[in-house]
Amino acid sequence: MQRSYVIKPELGKSYPFVSHGKGIYLYDKEGKRYIDGCSGAVTASIGHAVEEIAEAMYAQARSVSFAYRSHFSSDAVEELGAKLAEWAPGSLNWSFFVGSGSEATETAQKIAIQYWQEKGYTNKNRIISRWMSYHGITMGALSMSGHVLRRKRFVPLLADCPTIAPPYPYRRPEGMPLEAYALACANELETAILRVGPEHVAAFIAEPVIGASGGAVVPPDGYFQRIREICDKYQVLFIADEVMTGVGRTGKRFGIDHWGVQPDLMALGKGMSAGYTPMAAAMATDEIIETIARGSGLIMAGHTYSANPQSAAVSLAVLRYVEQHRLVDRAAERGAYLLSRLRELADELPLIGEARGLGMLCGLEFVKDKKTREPFPLAQGVSARIIKRAFEKGLLIYPATGGLEGVAGDAVIIAPPLTITTEEIDELIALLKEAVSSVQQELRQEALLV
């Protein structure tokens with residue numbers, strides 16, 4: 001085999017070569033089949049090799065693939081903007097198109113700060129975020145992220161954004177009712193704003209469901225309603241990071257829709273193009289854009305490939321496909337079935353502390369002692385072992401490790417394409433059970449599992 005000059009996630013590791021995909025399955029060049037149980041990086045939401053998307057891609061390529069956004073708009077870009085305005089809640093009608101979720105959250109951050117500048121509040125430039133969160137890997141996005149493991153190497157370069165604890169129902173104080181816990185977690189934001197000074201705080205950013213840093217952690221009802229109240233009280237913008245949770249993944253159009261709360265800014269990515277092209281967006285309300293339009297008239301953000309016609313046409317085709325096949329409703333229905341099957345596994349296997357999720361975004365947390373919920377030290381590599389074993393058996397699942405201050409916390413995400421059938425879910429569960437059971441047996445033999 002020819003020597004590789006590609007910098008891969010793990011240097012020195014030998015990766016199989018993907019050959020093709022179809023539906024929920026991927027195939028390597030050796031002919032082995034894998035269930036894409038996490039949609040890649042919770043991205044391939046409509047499955048692989050969908051003919052309608054390929055046709056839209058080809059049609060746009062035959063017309064024009066690239067036009068710089070400072071020179072031209074295009075039918076594809078304008079139609080995508082209109083479609084997202086139709087999808088988004090309230091007056092979130094304006095889209096700034098970028099190439100990745102990291103760019104989307106960072107663009108939302110910049111728009112929030114600029115909005116207050118345009119209104120004359122030049123000191124409102126601090127972003128508050130939560131620990132146990134992940135908003136992207138660019139420096140601005142990583143600064144807002146509370147993913148300890150991903151921040152670790154770059155802390156001296158990062159802004160001081162993560163401030164408050166997230167809602168984490170599985171690990172709430174014993175005996176504390178969910179309603180009281182929701183309010184206690186949300187009220188941390190008010191404390192943080194008062195400590196920093198409301199005159200300095202531009203925005204608060206949060207994932208509706210915690211993804212890569214926790215494994216599909218769903219907040220209790222009442223949490224985001226109280227967050228919205230606090231933001232309104234202190235004139236702080238609320239940014240919903242919907243990169244992972246948006247476009248139907250949780251069984252609603254957007255994750256925040258489950259709580260009837262309207263953000264001021266919203267970041268999209270992943271399922272917006274379903275992996276068929278790099279594409280993401282920062283969405284803003286009428287009030288924000290009208291304020292900037294009356295002022296400088298220019299948003300200082302964007303990249304070379306922002307708002308290119310090719311990616312816009314592909315994303316528009318994805319959204320139309322989701323609508324045509326009722327995949328948002330399907331994510332809710334099939335997601336409930338998936339979660340019920342995962343909870344059966346949790347009841348059966350001592351290694352699984354909790355199965356949780358919303359729609360087709362589910363997670364498993366692994367613990368050393370199910371009764372006390374004691375976690376494994378990260379050095380044991382429990383999540384990595386389960387992911388590797390699942391891969392060997394032909395199942396792809398996604399890591400969500402280190403949520404407990406970067407020293408513990410083993411979890412994985414199970415988030416297959418929204419198109420998955422109940423029969424395919426059963427097939428996924430069977431492989432997952434084999435993988436977890438195998439690692440569980442090893443841990444018992446090593447005297448690491450209670």
Assess the residue pair Asn125 and His200 against the criterion (side chain to side chain donor-acceptor pair (under 3.5 Å)); give the C-alpha distance rounded to whole Å, side-chain angles, the decisive distance to 0.1 Å, and a yes or no.
CA-CA 6 Å; Asn125 50 34; His200 296 296; 5.4 Å; no
Checking side chain to side chain donor-acceptor pair (under 3.5 Å) for the pair Thr291/Glu118: CA distance, chi angles, key distance, verdict?
CA-CA 7 Å; Thr291 297; Glu118 304 274 4; over 6 Å; no
For Gln235 and Tyr121, run side chain to side chain donor-acceptor pair (under 3.5 Å): C-alpha distance rounded to whole Å, both residues' side-chain angles, the deciding distance at 0.1 Å, then the answer.
CA-CA 11 Å; Gln235 289 188 294; Tyr121 298 102; 4.6 Å; no
Test side-chain contact (heavy atoms from CB on, under 4.5 Å) applied to Leu268 and Leu84, step by step
CA-CA 10 Å; Leu268 302 178; Leu84 286 175; 3.9 Å; yes
List the steps, then state whether side chain to side chain donor-acceptor pair (under 3.5 Å) holds for Ser39 with Arg249.
CA-CA 11 Å; Ser39 302; Arg249 171 57 62 182; 3.1 Å; yes
How far apart are the C-alpha atoms of Ile205 and Phe238, what are their side-chain angles, what is the distance that settles it, and do they pass the side-chain contact (heavy atoms from CB on, under 4.5 Å) test?
CA-CA 6 Å; Ile205 185 170; Phe238 171 39; over 6 Å; no
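The two residues Ala280 and Gly101 have their closest heavy-atom pair at CB-N, 3.8 Å. Taking both residues in full, the closest heavy atoms of Tyr398 and Ile387 are given as C-CD1, 4.2 Å, listed atom of the first, atom of the second, then distance. The nearest pair of heavy atoms linking Ser102 to Ala141 is O-CB, 3.8 Å.
Looking at Trp94, its side chain never comes within 3.5 Å of a backbone N or O of Met283 through a donor-acceptor pair. Looking only at distances, no side-chain donor or acceptor of Ser143 sits under 3.5 Å from a matching main-chain atom of Leu158. Distance alone, capped at 3.5 Å, places no donor-acceptor pair between the Thr163 side chain and the Ala192 backbone. The backbone N or O of Thr421 sits less than 3.5 Å from a side-chain atom of Glu424, completing a donor-acceptor pair. Checking side-chain atoms of Ser145 against main-chain N and O of His135 turns up a donor-acceptor pair under 3.5 Å. Gln310 places a side-chain N or O within 3.5 Å of a backbone atom of Met57 that can act as its donor or acceptor partner. Of the possible donor and acceptor atoms, one in the side chain of Lys270 sits under 3.5 Å from a partner among the backbone N and O of Ala41. Between the Gln114 side chain and the Leu298 main chain, a donor and an acceptor come within less than 3.5 Å of each other.
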Extract all donor-acceptor atom pairs below 3.5 Å that involve side chains of residues 211-228 and protein atoms in other chains or at least two apart in sequence.
from	atom 1	to	atom 2	distance (Å)
Ser213	OG	Met132	O	2.9
Ser213	OG	Ser133	N	3.0
Asp221	OD1	Trp259	NE1	3.1
Tyr223	OH	Arg130	NH1	3.1
Gln225	OE1	Gly222	N	3.1
Gln225	NE2	Trp259	O	3.4
Arg226	NE	Asn187	OD1	2.8
Arg226	NH1	Glu229	OE1	3.1
Arg226	NH2	Asn187	OD1	3.2
Arg226	NH2	Glu190	OE1	3.3
Arg228	NE	Asp232	OD1	3.2
Arg228	NH1	Gln262	O	2.8
Arg228	NH1	Asp264	OD2	3.1
Arg228	NH2	Asp232	OD1	2.9
Arg228	NH2	Asp264	OD2	2.9

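Taking the side chain as every heavy atom from C-beta outward, Cys38 and Ile414 never approach each other to under 4.5 Å. At a threshold of 4.5 Å between non-hydrogen side-chain atoms, the residues Pro399 and Ser383 do not count as touching. Within the 4.5 Å cutoff, no side-chain heavy atoms of Arg334 are placed close to those of Leu339. Leu237 is listed as a side-chain neighbour of Ile288, based on a closest heavy-atom distance under 4.5 Å. Contact check for Met244 versus Glu207: no side-chain heavy atoms found under the 4.5 Å cut-off. Between Met360 and Leu338, the closest side-chain pair of non-hydrogen atoms falls below 4.5 Å. Taking the side chain as every heavy atom from C-beta outward, Leu80 and Ser315 approach each other to under 4.5 Å. With contacts defined as side-chain heavy-atom distances shorter than 4.5 Å, the pair Leu361/Thr245 qualifies.
With salt bridges taken as basic N to acidic carboxylate O contacts below 4.0 Å, one links Glu86 and Lys83. Comment: Arg320 does not engage Glu52 in a salt bridge, judged by the lack of any side-chain N to carboxylate O separation of less than 4.0 angstrom. Under a 4.0 Å N-O distance rule, the pair Lys119/Glu287 qualifies as a salt bridge. Arg171 and Glu365 are joined by a salt bridge, as a carboxylate oxygen and a charged side-chain nitrogen come within less than 4.0 angstrom of each other.
At most 12 heavy atoms of other shown residues, nucleotides or ligands fall within 6.0 angstrom of atom NZ in Lys152. No more than 12 heavy atoms of other residues, nucleotides or ligands lie within 6.0 Å of OH in Tyr305, so this atom counts as exposed by the packing criterion. When the shell of 6.0 Å around CZ of Phe66 is examined, it contains more than 12 heavy atoms from other residues, nucleotides or ligands. Atom CZ of Phe72 has 12 or fewer heavy atoms from other residues, nucleotides or ligands within 6.0 Å.
The distance from atom OH of Tyr115 to atom OG1 of Thr285, rounded to the nearest 0.5 Å, is 7.0 Å. The CD1 atom of Ile289 lies 9.5 Å from the CZ atom of Phe96; values are rounded to the nearest 0.5 Å. Within the model, atoms CG of Leu26 and NE2 of His48 stand 3.5 Å from one another, a figure rounded to the nearest 0.5 Å. One finds the CD atom of Glu78 at 3.5 Å from the OG atom of Ser73 (value rounded to the nearest 0.5 Å).
By the 30° and 60° cut-offs, the orientation of the rings of Tyr68 relative to His71 is perpendicular. Ring-plane geometry between His147 and Tyr134 is classed as perpendicular, the angle between the planes exceeding 60 degrees on a 0 to 90 degree scale with a lower cut at 30.
A donor-acceptor pair shorter than 3.5 Å can be found between the side chains of Tyr34 and Asp28. A donor-acceptor contact closer than 3.5 angstrom links the side chains of Ser311 and Thr277. For the residue pair Glu405 and Trp131, no side-chain donor N or O sits within less than 3.5 Å of a side-chain acceptor on the partner. For the residue pair Thr419 and His325, no side-chain donor N or O sits within less than 3.5 Å of a side-chain acceptor on the partner.
Counting only residues at least two apart or in different chains, salt bridge (charged side-chain N to carboxylate O under 4.0 Å, His left out) contacts with residues 53-73 are absent.
For Lys252 and Phe254, the positive end is not near the middle of the six-membered ring at less than 6.0 Å and at most 45° from its axis.
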